[in-house]
Amino acid sequence: MATSSPSLDDAEFDQDPDTLLVKVSVSEVRAIERRTRSSIETQKQELRSMVGEQYLDLISAADAIIAMSKNAHMVQTKLDRMEAACDVSTVRQKAAEARAGQSEEGHDQKRRYLYALAALIKSLADVPEQIWHALENHRYLHGARLYELAKMVYEYLDAEDEDVNIQAAFPVVQRQWDAVSFFRPQIIQKSISYLRNPDQTSETVAEVLVCLMLLDNQTYFDTIEHLLDSRLAAVNDIVTKKQPQQQSRLAYQLKEVIQIVQRTLTHVYEIYTEHQLVTQYVQELEKNFMSKNTPAITRVFSPSTNVHLLMRYLPESVQNYTPNLEAGELLLPRDVQQFAQSVAAESPGPLLEQIDSHAVLVDVRSRLWDFLKTTNTNPQHRRSGIVAERRSASWSETCQGLLEQSYSIWDNLLRDAFNNRAKELIDAHCKSLASQPRQRIWKSIESRDILSSPSLNSTSLPLPNSSSSEAIESFRKTLNDASQGRSPLIQEFQQAFDNILQTMRTDLECHNSSTEKDQFHSKTDTSMIKSYFQDACFASITAYASGLRDLLADLKDWTDEKAANKASIFVGRLARTIAILSKELPRTLTLTKSASLELKSGVDKDPKYTQLQNTLLEIFHVSHESWISTVAKEFGRQLSAGLARTRWDDECSAALVWADMGDGDIRLPIQATNATELAIYQICTELQHVNSALLDKPIVQTLRQQLAQAVTKALSEFYEGQPDITEKGAIQLVFDMHFLNLVFQDGVMTDKLRNFIDKTKEFIDPINWAAFEPHFLPNAERFCLKQTLILGVLTRPNREAFERSRKAAGQQQQQHNVLPVAAQAPRFTLLPIGHLTSTIKA
C-alpha cells in the first residue's frame, strides 16, 4: 500500500526544510519553491504600494506640526506685548516723557517737512496730465520741461528715502514716476516726427530742437542732422510713395517737395546762421527755463493746478532747478553750408519715374512753372505764440547767406530731373524698338510662321467681288503690296516698327507747345531733347538693323537649307520694306509731321536717313547670299550632268534643228542644247519663286557672277572626263558657250571661257571654222533675244547686240505655215522682241 505524500501547506515542512526534502519528491520541492518566491514578490509589492500612498499624508502631518509650533510662539509673543501695553505705570511714564520732550519749534519743523513732502507728491501727480496737454498742442519743449521737473522731484524724494521710507509710506510716488517716465520716448519720437512738417515758424522748429537737446542729450551738430534727416525723409516719402492713378497728383507732390526745400533752407538759415535761435533758447533755458522773473515750476505748471499755493513749501533745489545742457561746440558757417547743400541737392527723380509719356511730363512741368511764377518765394509760416514773431528772411537773402550763391528751384533742383526723365522715356521706346528682331521676328521664324505664310512670290490675287469703291481700293492696296513684296507678316512687322516711331514722334511733339517764350530755358531744353531723340532713334534703328544681321547669321546654322533661305529672304524683304516704304523713318529722323517732297537725285535727303537706308538695303542684299549660293550650286550640278549626258559627236541631237546660213551651203546651230536650256530654266523657276521683280541690280549681278563661275567649273569637270567630241559636237558646244556667255556675262568673254572655246575649236577644221565664225555670235544673240521673255531679269543684253538682233529680225522675210491675207504690220516696236513680216509670194 503506497504512502500518501505530505501536504504542501503543512507548517512542519515550512519550518523544517530538511524534513521537506526527506519526505517529498523533487518536483514537489520545486513547486513549493515557486510558491514561496511568488509569495515573497507579492508581499514586496504590497509594501511598496503602502509606502507610496501614505507618503503625502506623512509629509502633511509633519507640516501641520511645524505650523502649530509657529502659531503657538506667535500667540505667546502677542500675549506678552498685550500684557506690557496694559501696564498702567509704563503708559504713564512714556506719556510724561513725550510731554517733557516736545517743543513748539520741533512741531513746526515736522509740519514743514510734511507740507514739503505733500507739495512734491502733488507736483509729481499733476505732471502726466500736463504733459498730455502739451503733446496734444504740439508744445514739445513744454512737455520736456515738465518731464525734467518730475524727474528732479522723484530724485529728491528718492534721496529722502534714506531717512524715511517714502516708497513704503507713499506707494503712489513710484506709480506716478512709472507713468511719467513713459512719456520720455514719446516726446522724443513725436518731436522728431513733428520736424518733418515744414509748415512751422523757425521759432517753433528751434523749440523742438531744444526739446531733443534736453531729453536726448543732443548737441548742435545732432540737431541739424535730425532736422535735415527728417525733412529728407519727408521728401523721400513723397517721392517713393506710390498710389494708383497718381500721375494726376504729381504736380501737387512736386509742389510739396519745392515747399519743403524752400522752408528747410529758410529754417536752417534763421535757426543756425542769422538769428541763431537754438543758441538763444539754450542760454535762456539754462538760466531759468526761459523765465527770468518767476520760479521755473510756477511757469511750467498750468494755473489750474494751483501750484503757487504749494510753492513756498517746495525745496529750494526744486524751485530753482535749471538743466545743464551738453550742447557741444557751436556750428561753424561752413558746417551749416555743407548740410544745406545736401538738402539743395536732393532730386525728385524717383517721383518722375511714374510718368510714362512726354505729354504727362510736359503737363506737370507747365504746372510747376505756373507755380514757380506765381508763388511767393518767401515761405509763409504760422506764429508759434511763444516769442515775438521775427521778420522772415527773403529767399534771396537765405540763398546768399546760406549757400553764398543764388539758388533757383527749377535750375538746381528740377530741371535735370525732368530732362533726364524725358531721355529715359525716349530710351525705353528705343530699347523696345531695338529688341524687336530678337523678341518678335525671331520667334516667328522659330515657330515657322514665315514658312507657313504666303509665298515670297504672291502673284495669285483674288479679284474684288463687287464694284464698290472699298473693294476696288482694297484690291489696289493688295496689288500694290504684292508688287512690293509686302506679305501680311511683313506688313505686321513694319507696322510694329512704324508704330513705335510714330508714338515716340507724336509724343515728343508736346514739347513744341512750350517754346513760345524762353522761360525756364524751355527752348534750350526742347532743342536738347529733340537732338537727343534723333540720336537715340538713329542708334536704335541701327541696333534694329544689327539685330536683323544677327538673325541672318543664326539662320546659317540651320540644317534645312531651303527653309533657311526662305527665312533669310523674308528678313531681307522686311529690311527693304522699312528702308523704302516706311513713312515714319524719315519723319522721325527729321521730326516732320508729313513726308516732304524729295529730289530724285536725293541731294536733299537727311544724311542719317540715307545712311540707315543704305544699311537696311545692304541687309536686303546680304539676305540673298545663301539663296544665290544654293541656286548656283544646283545650276552647276545640273549643267555638269547635262554636259555629261549629251552626245557631242556626229549624233548630237541638237544638230537636227540647225539652220542654213547664207546660200544654204552652211548649216549652223541656232539654239542651245536641251541640257543647257533646262539648267537655265531651273534658274528662271527659282527666280519666279522669289519674285524676281524685287531683285535689284546688285543681287542679279552677284547671281550672274556665281552662275558664270558655275559654268566655268562645269566645263572644267567636263573636259577632265576627256569626252568624245567630233566637229559637229564641237560646233554645238561652242554655240552653247557663246549663249551662256551672253546670258551671264553680257557677251564679255572671260579668259577661262575663251580657253575652253579655243580648246573646243581644236576639234573643228580651221578652214571650216573660218567660214562658220561670222555666223556664231549673231545666231547666239538672236537666240538669246528670243529667250529674253523667259529669262526675265537674268539676262541683260547689251544695247548694241539688242539693236542689231532686232533690226536683223525685222528685215527678214520669213514664211508662216498659214496663208496671210495681208501684210503683217510691226507691233509693239518698243518691246525687246523681234518683229516678223510676211509677204505673199507670187
Side-chain angles (χ1 to χ4, degrees), residues 127-152 179-238 259-260 263-272 275-286 289-291 296 299-302 321-328 331 336 339-340 342-343 379 381-387:
V127 164
E129 182 180 358
Q130 297 296 317
I131 293 180
W132 274 120
H133 287 300
L135 293 181
E136 290 175 357
N137 297 320
H138 302 293
R139 299 176 62 191
Y140 300 108
L141 180 58
H142 186 67
R145 288 153 52 196
L146 286 168
Y147 174 82
E148 287 296 321
L149 283 176
K151 180 180 178 183
M152 178 63 187
V180 173
S181 61
F182 169 75
F183 284 103
R184 180 179 177 275
Q186 278 199 350
I187 296 173
I188 294 175
Q189 181 181 359
K190 290 180 179 295
S191 299
I192 295 175
S193 299
Y194 196 64
L195 288 176
R196 296 163 63 97
N197 184 11
D199 191 20
Q200 304 296 331
T201 62
S202 299
E203 291 80 5
T204 303
V205 176
E207 289 180 1
V208 175
L209 296 176
V210 174
C211 169
L212 294 176
M213 297 177 67
L214 184 62
L215 294 184
D216 205 19
N217 298 324
Q218 295 186 8
T219 61
Y220 293 118
F221 190 85
D222 298 332
T223 57
I224 192 172
E225 273 192 340
H226 263 103
L227 174 61
L228 299 184
D229 289 344
S230 300
R231 298 297 170 82
L232 292 179
V235 172
N236 188 59
D237 288 347
I238 297 175
Q259 292 175 349
I260 291 175
R263 292 171 181 175
T264 299
L265 294 179
T266 302
H267 290 163
V268 171
Y269 176 65
E270 293 183 352
I271 293 174
Y272 294 98
H275 304 303
Q276 295 187 351
L277 296 178
V278 174
T279 305
Q280 295 180 15
Y281 288 177
V282 168
Q283 293 175 355
E284 294 176 0
L285 194 65
E286 288 179 343
F289 269 18
M290 297 171 57
S291 178
R299 171 64 176 163
V300 170
F301 281 94
S302 172
Y321 167 73
T322 55
N324 184 18
L325 301 179
E326 298 293 337
L331 291 174
V336 178
F339 280 109
S342 65
V343 176
H381 305 297
R382 299 177 302 186
R383 299 183 60 176
S384 64
I386 298 177
V387 296

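No experiment lies behind these values; they were computed from the predicted model shown.
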Participant: Among all residues two or more places apart in sequence or in another chain, which pass the side-chain hydrogen bond (donor to acceptor under 3.5 Å, both in side chains) test with Y140?
Facilitator: H138

Participant: Determine yes or no for a side-chain-to-main-chain donor-acceptor pair under 3.5 angstrom, with R184 supplying the side chain and L215 the backbone.
Facilitator: yes

Participant: Check step by step if side-chain contact (heavy atoms from CB on, under 4.5 Å) holds for D222 and D216.
Facilitator: CA-CA 10 Å; D222 298 332; D216 205 19; over 6 Å; no

Participant: Locate the shortest heavy-atom distance separating L212 from S191; write the atom from each residue and the value.
Facilitator: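 Of all heavy-atom pairs spanning L212 and S191, the closest is CD2-CB, 3.9 Å.
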
Participant: Quick one: pull up SG in C211 and CZ in R139 and give me the separation to the nearest 0.5 Å.
Facilitator: 12.5 Å

Participant: Out of curiosity, I187 CD1 to F182 CZ, how far, rounded to the nearest 0.5 Å?
Facilitator: 10.5 Å

Participant: Any chance you could measure H142, atom NE2, to Q130, atom CD, to the nearest 0.5 Å?
Facilitator: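 Those atoms lie 6.0 Å apart.
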
Participant: Do you know which two heavy atoms are closest between F183 and I131, and how far apart they sit?
Facilitator: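 Nearest pair, atom of F183 first, then I131: CD2-CG2, 3.4 Å.
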
Participant: Which heavy atom in R263 sits nearest to a heavy atom in P198, and how many Å separate them?
Facilitator: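 Closest pair (atom of R263, atom of P198, distance): CD-O, 3.5 Å.
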
Participant: Are L146 and V180 close enough, and set up right, to give a side-chain contact (heavy atoms from CB on, under 4.5 Å), and what steps lead you there?
Facilitator: CA-CA 9 Å; L146 286 168; V180 173; over 6 Å; no

Participant: Would you give the length of the straight line joining atom CD of E207 to atom OH of Y194, rounded to the nearest 0.5 angstrom?
Facilitator: 9.5 Å

Participant: Taking all non-hydrogen atoms of both residues, which atom of R145 and which atom of L214 are closest, and how far apart?
Facilitator: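 Between these two residues, the closest heavy atoms are N-CD2, 4.0 Å.
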
